[in-house]
Amino acid sequence: MSKNKAKKEATEKEYRKPLIKRRKPNRSIAGDIALYLFLTLVAFVMAFPIIYAVSSALKPLDELFKFPPTIFAQHPTTDNFSDLFITMGKSWVTFSRYLFNTVFITAVGTAGHLIIASMGAFVLAKYEFPGAQGFFKVVTVAMMFTGYATAIPNYIILNKLGWIDTYWAIIIPAFASPMGFFLMKQFMEGLPTSLIEAAKIDGANEWKVFSGIVMPNVKPAWMTLIIFSVQALWNNKASTYIYSEERKTLVYALQQIQAGGIARTGQGAAVLVVVMIVPIIIFVFSESQILETMASSGLKD
Amino acid sequence: MKEFFNKYVTLRKHNARIAWKKAKRAKMCYAFLAPYAILFAMFFIFPVVASIYFSFTYYNILERPRFIGLQNYISLVLEDDIFLTSIKNTFMIAIITGPLGYIMSFLFAWLINELPRWVRSVAVIVFYAPSIAGNCYVIFSVFFRGDAYGYVNALLMNMGIIDAPILWLINPTYMLPICMLVILWMSLGTGFLSFVAGLQGVDKSQFEAGYMDGIKNRWQELWYITLPNMKPMLMFGAVMSITQAFGVCDVTMALCGYPSTDYAARTIVTHLFDYGYSRFEMGYACAIATVLFLIMILCNKAIQALLRRVGT
């Protein structure tokens, strides 16, 4: 019996093999090698500035100014990072305060955006009610212009609300980011409606359906919203909305250090790493979920 | 007759009940949408309206806005040379980096599509990282430093191509091209992710069918099968590219300074910042914003009309 099965499998494999080859009738080995070489080259060019930034952050001072420059640090140290902490520790507003500001803005802004955008996206994706289509169209149009185009009136509005020079000036507008809303809605449309109906028959109300059924099922989209929101908020200089030094963000403070010129080259490099590492790490860990969400990102007309 | 009438009444009652139920359910929907809708209206719709309104006024925040008609727009076009420079620069950047970045996004998404799974995910990280690497682009100011210690200068001097260092980021001739280079480096962003995901989702059986129908090479495969399947993603990617291309300001401000020499790297957005946040001429800044807004929306509409014809 098992012998028979093995034989069958073998024949099936025999049969499968040419089929796989036939799937790509036009791919030559030379072409594939050229492709790999090309991609490696481009990948190196793309990665070079980032690798260089990381390795400069690890270089001791004498190596930073060595010529010709070395790509990788010969004697890697964390001196630059500790120097950075020392410099910032002596500043009027401490490093931990800047860090807190940015973490607070990023965390609250992202959490709020996730909840509020998901609630709206849920009803838009799963229910039909007057005005739904129109609203979604407006959101897609809003993706077509950058925040810069509305920066001035936003400033005036925030000023009228009295939110200038508070965290809310950054956090609250971040809740309404159209991109996250759009992606969430598109992804939720892929959820089977039967799931929601079944829960309703069991007597769950809308909020329960939303929090108990829908949200756990769209976790990939969470990650996507989180990365877009974190990336926007973590890098937010907020220099136009926040004036008080003790409420300024990390990126702003770090840029002051970078502006310190040659003497601060090492610390400046450390700054770059501190700023970029957070979004990149989140992306690395959530890549597959983000790609899953992006699969439904298409704009249909 | 009476029976018929009764039936009619019950039917209407029934319909009314359904409608009421629907409205009730919709009330729930509105309640769910309300927080987002209110914030969105406040920070995205209302600002556009306000921007158009303020663009017809003189407004400096301290005094009440004073209506001055088209004066802001007239000054923009006729008196503000720097605005015209900024329009020229922005269009230069957008026309070169927009389409190139878009094509690069698609090309690389397509090229890495057939790689083994783990190679592909590494490649996605490598290509996508520059666009989320914060202000990592300032590292380019080290490469392009104006003295002989700048790597590009040193390299070119060692090779004997130039004999004196070039002030890359101060000389207006080189500013824009360098900014474009940096922007291109960062251009594999959200659209790229969308393309990667979309290409993975193309139904494999369509390719089989295509081979039966006599598709010969990858280009035909791309045009007749892949691209038509990717249309929604192509649209999305285009929106991302255009929005990015016209919103350039961070890179030019960080690399070339603000203001830059001879305003050679001034873009519409930096001009907007100048008038809005430095001079507090909000009315004038709003006129600039309105122009930018119109350019972006029109460009998007035009490109979408163009993309609808892909694969036909």
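What you are looking at is a predicted structure, and each value in this text was computed from that prediction instead of being measured. Here is how names work: the chains are called A, B, and so on, in the same order as the sequence lines, proteins then strands, and each is numbered from 1. The analysis underlying the following values was restricted to heavy atoms, covering all of them including side chains, and did not include hydrogens, waters or symmetry mates.
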Aromatic ring proximity [X]/[Y], centre distance under 6.0 Å:
| X | Y | value |
| --- | --- | --- |
| A:Phe145 | B:Phe246 | no |
| B:Phe143 | A:Phe48 | yes |
| B:Tyr151 | A:Tyr52 | yes |
| B:Phe32 | A:Tyr127 | no |

[X] versus chain A, heavy atoms under 4.5 Å apart: side chain, backbone, both or neither?
| X | answer |
| --- | --- |
| B:Cys299 | neither |
| B:Ala34 | neither |
| B:Ser141 | neither |
| B:Phe108 | side chain |
| B:Phe192 | neither |
| B:Met186 | neither |
| B:Ile45 | side chain |

What distance do [X] atom [atom1] and [Y] atom [atom2] have between them, rounded to the nearest 0.5 Å?
| X | Y | atom1 | atom2 | value |
| --- | --- | --- | --- | --- |
| B:Arg120 | A:Glu287 | CZ | CD | 9.0 Å |
| A:Ile152 | B:Ser55 | CD1 | OG | 12.5 Å |
| B:Thr243 | A:Met144 | OG1 | CE | 8.0 Å |
| B:Ser121 | A:Leu291 | OG | CG | 8.5 Å |
| B:Cys29 | A:Lys126 | SG | NZ | 12.5 Å |
| B:Ile132 | A:Met276 | CD1 | CE | 10.5 Å |

So which part of [X] gets closer than 4.5 Å to some heavy atom of chain B, the side chain, the backbone, both or neither?
| X | answer |
| --- | --- |
| A:Val230 | neither |
| A:Leu35 | side chain |
| A:Ile290 | side chain |
| A:Trp207 | both |
| A:Leu161 | side chain |
| A:Phe228 | side chain |
| A:Val138 | both |
| A:Ser177 | backbone |
| A:Ile115 | neither |

Indicate the ring-plane relationship of B:Tyr277 and A:Tyr155, choosing parallel, tilted or perpendicular according to the 30° and 60° boundaries.
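B:Tyr277 vs A:Tyr155 ring planes: perpendicular.
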Taking the side chain as every heavy atom from C-beta outward, state whether [X] and [Y] have any atom pair closer than 4.5 Å.
| X | Y | result |
| --- | --- | --- |
| A:Met294 | B:Met233 | no |
| A:Val123 | B:Tyr30 | no |
| B:Pro47 | A:Ile157 | yes |
| B:Val124 | A:Phe283 | yes |
| B:Phe40 | A:Phe135 | yes |
| A:Leu299 | B:Pro232 | no |
| A:Phe129 | B:Leu33 | yes |
| A:Val139 | B:Phe44 | no |

So, A:Ser297 and B:Ser194: side-chain donor and acceptor under 3.5 Å apart, yes or no?
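A donor-acceptor contact under 3.5 Å links the two side chains.
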Most contacts with chain B, counted as non-hydrogen pairs under 4.5 angstrom, among [options]:
| options | value |
| --- | --- |
| A:Phe181, A:Tyr36, A:Phe122 | A:Phe181 |
| A:Val275, A:Ile156, A:Val45 | A:Ile156 |
| A:Gly147, A:Pro178, A:Ala132, A:Ala117 | A:Pro178 |
| A:Gly120, A:Ala142, A:Pro153 | A:Pro153 |
| A:Glu128, A:Glu292, A:Met179 | A:Met179 |
| A:Val251, A:Asn205, A:Val42, A:Val284 | A:Val42 |

I need the residue from [options] with the largest number of non-hydrogen atom pairs under 4.5 Å to chain A.
| options | value |
| --- | --- |
| B:Val122, B:Asn135, B:Leu115 | B:Asn135 |
| B:Val49, B:Thr190, B:Ile242, B:Leu272 | B:Thr190 |
| B:Phe293, B:Phe236, B:Phe273 | B:Phe236 |
| B:Phe54, B:Tyr59, B:Tyr128 | B:Tyr128 |
| B:Val142, B:Val269, B:Ile295 | B:Val269 |
| B:Ala123, B:Ala41, B:Pro35, B:Ala50 | B:Pro35 |

Donor-acceptor under 3.5 Å (B:Tyr36 side chain, A:Ala121 main chain):
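Not at all, since once roles are kept as given, no pair shorter than 3.5 Å links the two residues.
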Minimum-distance pair of heavy atoms, taken over all atoms of B:Gly247 and A:Thr146:
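Smallest heavy-atom distance, with atoms named: CA-CG2, 4.1 Å.
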Checking A:Ile50 against B:Cys136 for the side chain to side chain contact (heavy atoms under 4.5 Å, CB included) test, could you report, in this order, the C-alpha distance in whole Å, the side-chain angles of both residues, the deciding distance, and whether it holds?
CA-CA 7 Å; A:Ile50 292 179; B:Cys136 191; 4.1 Å; yes
Where do A:Val141 and B:Ile297 land on the side chain to side chain contact (heavy atoms under 4.5 Å, CB included) test, with the steps shown first?
CA-CA 8 Å; A:Val141 171; B:Ile297 297 285; 3.6 Å; yes
Looking at B:Val119, B:Leu111, B:Val126, which one forms a side-chain contact (heavy atoms from CB on, under 4.5 Å) with A:Leu39?
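Looking at B:Val119, B:Leu111, B:Val126, the match for A:Leu39 under the side-chain contact (heavy atoms from CB on, under 4.5 Å) is B:Leu111.
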Tell me whether the count of non-hydrogen atoms from other residues, nucleotides or ligands lying under 6.0 Å of OH in A:Tyr243 goes above 12.
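Enclosed.
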